[in-house]
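Working notes, structure below.
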Amino acid sequence: MSDNVYIPKLSKIFEIKEEVTGARAIKTFRTQFVENNGFSHKCGQCAMLSVFGKGESMISISSTPLVKDYLQFSILKTGRVTSALHEMQEGDVIGVRGPYGNNFPLEKWKGKNLIFIGGGIGLAPIWSVLQTALAKKADYGKLSLFYGSRTSQDIVYKEDLKELKNDITVHLSIDQKEKEWEEYVGFVPLNVLDKKPSPKNAVAITCGPPIMIKFVIQNLEALGFKDDQIYTTVENKMKCGIGKCGRCNIGMHYVCKDGPVYSWAELKKLPQEY
Ligand SMILES: Cc1cc2nc3c(=O)[nH]c(=O)nc-3n(C[C@H](O)[C@H](O)[C@H](O)COP(=O)(O)OP(=O)(O)OC[C@H]3O[C@@H](n4cnc5c(N)ncnc54)[C@H](O)[C@@H]3O)c2cc1C
Ligand code: FES
């Protein structure tokens, strides 16, 4: 067997779910390693997916590590590689190498209230940690989710979110009014400000477009959250994924190795190159 770290493991796509159609299409893929040579991951880690002949893209592993027999990836169609992934069919084989990066410190958060705040495809990295905390609910305080998308059509994991409402508080939002929509209308940071989650014994985990993250953090601060109570992920462009090429750097930090998960306290100390 080769010890070349750039060689991906062959993985078969066995399930594809069309989450969102149209210009900002999102599909969720479930994959299984073809040979018995897979890896286990931690919440927040990513993998480099390759479409042979097209290239590679770094994608968050959105399934919980508690599920051992497949990996899940939710992918927004963006450019060359992600478009090629969207063309793939169930039964097709892709390359997967990883897992890469650090992880959300779930162990450290035991006993705390966890507030998940996602926007758009930013629910994918949160999903893994949310599902894990949910499966070990007794270890944590209150769990809640804020999730927003541009329109009701752009919501990912629609059926799962419906089910999730039986277990935890879910605050959904869309950017502009729609006829049948009965939940919050407005941007995610405003929904957070509206519902005023308490910072007492809490940790907030936010992923989404950088502009959303910026205002979510501002509003969490206004509600009294301290820098070490806020966690996010940084998605700088990546090439090698293993701290060799320097593509993902923030100052001396390799986001692919030292990140992508950072507390706001940690991020504030780094140059604003994200
Ligand atoms: C740690 C990490 C986790 C990620 N997790 C997910 C995920 O779970 N789901 C998902 O859909 N995407 C995720 N991404 C983003 C994904 O890697 C890029 O969208 C993808 O690599 C684009 O490749 P492409 O060949 O399709 O597009 P390209 O043809 O390379 O580029 C198309 C456009 O997308 C822009 N782009 C490329 N990479 C990025 C990036 N990292 N951030 C912002 N813009 C970019 C380019 O500048 C260009 O404008 C993640 C990125 C990182 C670094
Ligand atoms: S992606 Fe190459 S060093 Fe991080």
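Small disclaimer: the values here were computed from a predicted structure and weren't measured. Position 1 is the first residue of the sequence; numbering continues from there. Both ligands and their constituent atoms are indexed starting at 1 by order of listing.
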Under 6.0 Å between the ring centres of F39 and F33?
-> yes
Measuring from each atom of ligand 1, which residues have a heavy atom under 4.0 Å away?
-> C46, S57, M58, I59, S60, S74, I75, L76, T78, G79, R80, V81, T82, I121, A124, E235, N236, K237, M238
Ion pair check, R150 and E178, cut-off under 4.0 Å | no
Looking only at side chains, do S74 and Y157 share a donor and an acceptor under 3.5 Å apart?
-> yes
May I ask you to check whether T64 and T132 show a side-chain donor-acceptor distance below 3.5 Å?
-> yes
Hey, is the main chain of P189 close enough, under 3.5 Å, to the side chain of N219 for a donor-acceptor pair?
-> yes
Around atom 2 (Fe) of ligand 2, number of protein N/O/S atoms which are nearer than 2.8 Å | 2
T82-S57 side chain donor-acceptor pair, cut-off 3.5 Å = no
Close aromatic pair by centroid cut-off 6.0 Å: W109 and Y140 | no
With distance as the sole test, does E90 use its side chain to make a donor-acceptor pair with the main-chain N or O of I16 at under 3.5 Å?
-> yes
Is a donor on one side and an acceptor on the other found under 3.5 Å between the side chain of K9 and the backbone of N37?
-> yes
